[in-house]
Novice: 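Once you've had a glance at the structure underneath, I'll fire off some questions.
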Protein chains: 2
Amino acid sequence: MTGATSGAPSRSDAVRNRRLLLDAAAKTFAERGVEVSIAEIAQCAGVGKGTVFRHFSSKEELLAAIMLGMLDELMDTATELLTADDPGLALREFMAAGVQLLVRDRAFCEVVGRPSLQNPQVRAAIDRLCDAGEALTARARERGVVRPDLTGTDVVLLLAGIQHTAAPLLSTEPQAWRRYLELALDGITARTGRELPHPPPRRLPLASPHPDSGC
Amino acid sequence: MTGATSGAPSRSDAVRNRRLLLDAAAKTFAERGVEVSIAEIAQCAGVGKGTVFRHFSSKEELLAAIMLGMLDELMDTATELLTADDPGLALREFMAAGVQLLVRDRAFCEVVGRPSLQNPQVRAAIDRLCDAGEALTARARERGVVRPDLTGTDVVLLLAGIQHTAAPLLSTEPQAWRRYLELALDGITARTGRELPHPPPRRLPLASPHPDSGC
DNA sequence: AGCTAAGCGGACCAGCTGGTCACCTTCAGC
DNA sequence: GCTGAAGGTGACCAGCTGGTCCGCTTAGCT
């Protein structure tokens with residue numbers, strides 16, 4: 001075994017380098033997406049490439065470590081909002097927090113949007129987030145502030161959709177996501193009487209085995 | 001000059017191979033995104049790799065040829081819908097056509113969503129599409145069937161957002177986009193009285209020069 | 001049929017990636 | 001300060017990519 005997944009290192013220099021590495025990776029992944037090379041992350045952290053693989057056995061593991069941190073952060077927000085007074089406002093704030101996180105981090109968008117990039121831990125964290133989203137949505141539904149056929153999975157999926165809507169504008173209008181969040185909120189609170197045309201998704205599917213073309 | 005952009009070939013075998021190539025590329029790009037290799041496209045078409053570069057001077061040019069075809073198709077739909085009786089229904093059908101195109105083609109999503117992948121011709125076609133979207137939206141706005149501060153660029157951006165919302169469900173619920181299209185339609189037709197919180201984007205920005213991290 | 005230029009194709013190249021490893025440096029306990 | 005082990009590192013590797021090139025094939029005119 002070369003790369004060590006084995007817990008936190010003990011030596012002071014190792015602790016420091018691990019911190020530098022996580023910070024550098026978080027920053028570069030956020031700005032450029034999952035495609036940044038390990039070499040670049042190492043350079044950004046001011047360490048050698050070998051050091052990266054000493055701390056994380058693969059690029060995927062490094063990425064997962066950072067994604068899990070962000071998912072946990074959003075999960076904490078959701079948990080806190082579950083005890084808020086106004087369920088409608090709580091749902092809005094959850095969505096705003098989620099979209100903001102997505103807007104700020106390109107790798108985060110790519111990972112949550114593409115099941116094939118998800119390792120089991122990330123996948124589990126996303127599932128937990130959907131559950132939290134469901135709880136928040138249920139409270140809002142009971143109060144009648146959102147349409148009755150809206151689910152938590154709908155809400156979580158919408159976060160990515162809103163981010164993606166505003167994405168092309170990011171460089172010139174970094175706050176444009178607020179416009180589309182509002183549009184989405186108006187959509188999910190609409191009391192049209194009609195049901196939505198497609199049944200709500202019960203669960204996010206696992207990664208499709210292969211998009212393999214039949215050529 | 002090796003690769004030839006120079007118009008259509010004259011010899012019958014060349015014409016046939018070009019057709020095979022375009023079909024294979026459209027299929028593989030649609031299924032797997034812009035990252036499919038030229039080698040794979042060539043294999044799928046049943047020709048050698050060199051033949052690809054004889055017909056298209058670069059991968060980007062091949063991709064652009066296909067993307068332009070799809071953009072033109074959507075543009076035709078939009079033009080036709082501009083003369084429809086019901087502007088509200090026309091806008092809905094335009095959006096349905098756009099989302100459907102995006103859902104069926106992964107490369108199309110990637111190209112329209114990321115300015116850095118757009119060559120000038122593709123870019124121009126997207127701009128024209130935004131203009132058509134603006135015309136359709138204007139008609140709907142005048143009839144009061146959509147909120148007064150909705151623009152054509154909003155509508156075009158929403159297409160990508162809706163597709164992205166439904167994307168994780170694609171393998172198990174290929175029609176889920178209809179649900180989120182309806183949600184978006186309810187959002188843009190909502191008569192809340194309030195203005196949306198962020199001013200409408202006037203124009204899609206060009207590719208940002210570099211997401212270059214300051215490391 | 002014969003000729004010629006257009007077309008074809010796959011070995012090849014440079015450049016990139018994630019990941020490995022043997023050697024060297026440094027921490028920390030004594 | 002000595003020492004042993006943990007940590008750091010960059011040359012290196014295999015595998016991939018887009019793109020080139022030149023010898024071979026073939027279409028299509030005469």
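All chains are named by letter (A, B, ...) in the order of the sequence lines, taking the proteins before the strands, and each is independently numbered beginning at 1. Below, each value reflects all heavy atoms present in this structure, side chains not excepted, and no hydrogens, waters or symmetry copies. If you're wondering where the values come from, they're calculated on a predicted model, not measured in any experiment.
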Novice: Is the phosphate of D:dA6, meaning OP1 or OP2, less than 4.0 Å from a side-chain N or O of A:S10?
Specialist: no

Novice: Ignoring hydrogens and geometry, is there a side-chain-to-backbone donor-acceptor pair from B:D127 to B:A124 under 3.5 Å?
Specialist: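 Not confirmed, B:D127 side chain does not pair with B:A124 backbone.
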
Novice: Do the side chain of B:K59 and the main chain of B:V34 share a donor and acceptor less than 3.5 angstrom apart?
Specialist: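 Indeed, once roles are kept as given, a pair shorter than 3.5 Å links the two residues.
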
Novice: In whole angstroms, how far is the P atom of C:dG7 from the CG atom of B:L20?
Specialist: 15 Å

Novice: Does B:S37 place a side-chain N or O at less than 4.0 Å from the phosphate oxygens OP1/OP2 of D:dT17?
Specialist: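 Looking at the OP1 and OP2 atoms of D:dT17, one of them is under 4.0 Å from a side-chain N or O of B:S37.
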
Novice: Compare side-chain N and O positions of A:S12 against OP1 and OP2 of C:dA28 and report whether any pair is under 4.0 Å apart.
Specialist: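 Result: yes.
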
Novice: State whether B:D23 and B:R19 are salt-bridged, where the test is any N-O pair (Lys NZ or Arg NE/NH1/NH2 against Asp/Glu carboxylate O) under 4.0 Å.
Specialist: yes

Novice: Starting at CD1 of B:I38 and ending at C1' of C:dG9, how long is that distance when rounded to a whole Å?
Specialist: 15 Å

Novice: Rounding to an integer number of Å, can you tell me how far A:E40 CD sits from C:dC16 C1'?
Specialist: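 Atom CD in A:E40 sits about 13 Å away from atom C1' in C:dC16.
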
Novice: May I have the step-by-step check of salt bridge (charged side-chain N to carboxylate O under 4.0 Å, His left out) for A:R32 and A:E40, ending in yes or no?
Specialist: CA-CA 11 Å; A:R32 319 252 304 271; A:E40 192 164 351; 2.4 Å; yes

Novice: Can you check the A:F53 CZ to D:dC13 P distance for me, whole Å?
Specialist: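 Whole-Å distance recorded here is 17 Å.
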
Novice: C:dT17 C1' sits how many Å from A:R32 CZ, rounded?
Specialist: 14 Å

Novice: How many Å lie between CZ on A:F56 and P on C:dG18, as a whole number?
Specialist: 15 Å

Novice: Would you please say whether a donor-acceptor pair under 3.5 Å links the side chains of B:D154 and B:T151?
Specialist: yes

Novice: Just how far is it from atom CG of A:L158 to atom CG of A:L185, taken to the nearest 0.5 Å?
Specialist: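 Separation between the atoms: 9.0 Å.
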
Novice: Which atoms of nucleotides 8-12 of chain D (N or O only) lie under 3.5 Å from a protein N or O atom, and what are those distances?
Specialist:
| from | atom 1 | to | atom 2 | distance (Å) |
| --- | --- | --- | --- | --- |
| D:dG8 | OP1 | A:N17 | ND2 | 2.3 |
| D:dG8 | OP2 | A:H55 | NE2 | 3.2 |
| D:dG8 | N7 | A:R54 | NE | 3.1 |
| D:dG8 | N7 | A:R54 | NH2 | 3.0 |
| D:dG8 | O6 | A:R54 | NH2 | 3.3 |
| D:dT9 | OP2 | A:G48 | N | 2.9 |
| D:dT9 | OP2 | A:T51 | OG1 | 2.7 |

